[in-house]
Protein chains: 2
Amino acid sequence: MTESTATLSRSETTASKIIDAAKTLFVARNYADVTTDMIASAAGVTKGGLYHHFPSKESIYSSMMLDDFESKQRLFSQSVDMKGTARERLARLTGDFLALPAEERQMAGLVRRDINIFTDGDRDRLVRAYQLALPNQIEAIIKDGIADGELAPADPRLLSWWFVSLVEVAVSRYADETLGNPETRLDRVLALFFEGAEAKPDPAMSDGGTT
Amino acid sequence: MTESTATLSRSETTASKIIDAAKTLFVARNYADVTTDMIASAAGVTKGGLYHHFPSKESIYSSMMLDDFESKQRLFSQSVDMKGTARERLARLTGDFLALPAEERQMAGLVRRDINIFTDGDRDRLVRAYQLALPNQIEAIIKDGIADGELAPADPRLLSWWFVSLVEVAVSRYADETLGNPETRLDRVLALFFEGAEAKPDPAMSDGGTT
DNA sequence: CTACATACCGACTGACCGGTTTGTTGTATA
DNA sequence: TATACAACAAACCGGTCAGTCGGTATGTAG
């Protein structure tokens, strides 16, 4: 999972086959409805083989999530490190996200759904990894935007959560049909976040309008 | 279940005790992690007693949800029927929502988490009741807002989902600490939805900018 | 070829849980 | 006070599923 193309050992290959199978299953059904037998057979091994590589069902889930968050963290950090306005950087980050295959996108939403199956320690670890991968990076950009006067002063963390939730709606099934291609979705999300839903007079012609 | 204050029969009392217990448990843990024994003992009956009133665990869950949606539907319809700008009506609706006890508020988010435990028919029924209670009513207000030129033309359904997701963030634990009282939260949600996060010159003093 | 390790198989187990059954208590009616 | 039925209790059943365990295959080093 971590090394990309290079030769994987037999063990690593099997482990990543298991993680891949788990991904597909866990995005489609919730934790309790995915059995270890399902994961095993989808990965082309038996339960015995599966438990040779992972000590528990929970460990499969959490290592799957941690791997995913790590890769997302890397992907999105490019937009954070990039220079430009907050809007440009958020556009790139969101664009990168929308360009991901559907499965990878949906993984981001799994934490909220399944988080309560874990107990304290593991839950905190997962949540922290998630925040590192997504909200924290958006928050960094938003902080810059506020400092530069591009965004109105506000709690940056809260704003980043709001932004994430806007994007989550934009990847929903209905938005898929309504907005179509990723560029349109991207534009809508950014426009809504920056300018809101209010009707505005066209800024080109200076004098304005309704009420 | 349907009748509100009047004297409840013994059977109705027990049934509503069961529903109440189920509410607390189902908002705290997901469907699979709540056992019928837990519900029964929290309601002060045994499993036998519980199954005297409900034919299945699913039926407990779904009738709990349907009851809740029905009451929310009634509550929010007042804001829909009210006259005023879209912003005023959304403010009232959101204010009513924020004024609900925490448990009642969180119920609204349960559908998304637990919807996949149901099969086709029941799922559709639940989703339809949810949409009737929340998104559809918000959508009605938004439609008016667009027709009146108060909101920029856009898909009203998508906008209503976006609005719901903003509110959901506003009731999160962190927002609780950051924004404090419901009025502040309400103001932030509305401002963000209508005007966005962008910095704007204060409309009072015509010339702008903190830079 | 031997010895040892790692990878994997698949039958099995023990616990848990949704649902049933059988029996008991309360309560209203006549 | 006998009757009848609803409201519950408690033991029980059947299925499911995470995790185990004894074994077999596939290397790999000496």
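Order of the sequence lines sets the chain letters (A, B, ...), proteins ahead of strands, with each chain counted from 1. Given the structure is predicted, the values throughout are model-derived calculations rather than measurements.
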Engineer: Only counting residues at least two apart or in another chain, list the ones meeting salt bridge (charged side-chain N to carboxylate O under 4.0 Å, His left out) with B:Asp144.
Structural biologist: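 Scan of B:Asp144 (salt bridge (charged side-chain N to carboxylate O under 4.0 Å, His left out), adjacent residues dropped) gives B:Arg89.
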Engineer: If a pair satisfies ring-ring contact (aromatic ring centres under 6.0 Å, His included) and one of its residues is in residues 108-143 of chain A, list it, with sequence neighbours excluded.
Structural biologist: A:Tyr61-A:Phe118, A:Phe69-A:Tyr130
Engineer: Kindly say whether, by distance alone, the side chain of B:Lys47 makes a donor-acceptor pair under 3.5 Å with the base of D:dA9?
Structural biologist: no
Engineer: Polar atoms only, N or O, under 3.5 Å: list the protein pairs with nucleotides 22-25 of chain D and their distances.
Structural biologist:
none

Engineer: So which pairs with a foot in residues 39-66 of chain A pass salt bridge (Lys or Arg N to Asp or Glu O under 4.0 Å), sequence neighbours left out?
Structural biologist: A:Asp37-A:Lys47
Engineer: Return the set of residues passing side-chain contact (heavy atoms from CB on, under 4.5 Å) with A:Ala91 (not counting sequence neighbours), or none when no residue passes.
Structural biologist: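 Once residues adjacent in sequence are excluded, the partners of A:Ala91 under the side-chain contact (heavy atoms from CB on, under 4.5 Å) criterion are A:Leu190.
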Engineer: Who passes salt bridge (charged side-chain N to carboxylate O under 4.0 Å, His left out) against B:Lys143, sequence neighbours left out?
Structural biologist: B:Glu139
Engineer: So, using salt bridge (charged side-chain N to carboxylate O under 4.0 Å, His left out) as the criterion, who are the partners of B:Lys23 when residues are at least two apart?
Structural biologist: B:Glu104
Engineer: Using a heavy-atom distance cut-off of less than 4.0 Å, which residues of residues 29-46 of chain A contact DNA chain D?
Structural biologist: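 Under 4.0 Å from DNA chain D: A:Val34, A:Thr35, A:Thr36.
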Engineer: Looking only at heavy atoms, what is the nearest atom pair of A:Leu90 and A:Ile141, with distance?
Structural biologist: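 So the two residues come closest at CG-CG2, 3.9 Å.
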Engineer: Could I get the full list of side-chain contact (heavy atoms from CB on, under 4.5 Å) partners for B:Asp33, not counting sequence neighbours?
Structural biologist: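 In terms of side-chain contact (heavy atoms from CB on, under 4.5 Å), with neighbours along the sequence ignored, B:Asp33 is linked to A:Ile117, B:Arg29, B:Asn30.
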Engineer: Mind listing the residues from residues 50-58 of chain A sitting with a heavy atom below 4.0 Å of DNA chain C? Number order is fine.
Structural biologist: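 Those residues are A:His52, A:His53.
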Engineer: Nearest-Å distance, CD1 (B:Ile117) to P (C:dG18)?
Structural biologist: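 Between P of C:dG18 and CD1 of B:Ile117: 11 Å.
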Engineer: Please enumerate all residues that pass salt bridge (charged side-chain N to carboxylate O under 4.0 Å, His left out) together with A:Glu195, with sequence neighbours excluded.
Structural biologist: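 A:Glu195: salt bridge (charged side-chain N to carboxylate O under 4.0 Å, His left out) contacts with A:Arg87.
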Engineer: Could I get the full list of ring pair (Phe, Tyr, Trp, His ring centres under 6.0 Å) partners for B:Trp162, not counting sequence neighbours?
Structural biologist: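 With sequence neighbours excluded, B:Trp162 shows a ring pair (Phe, Tyr, Trp, His ring centres under 6.0 Å) to no residue whatsoever.
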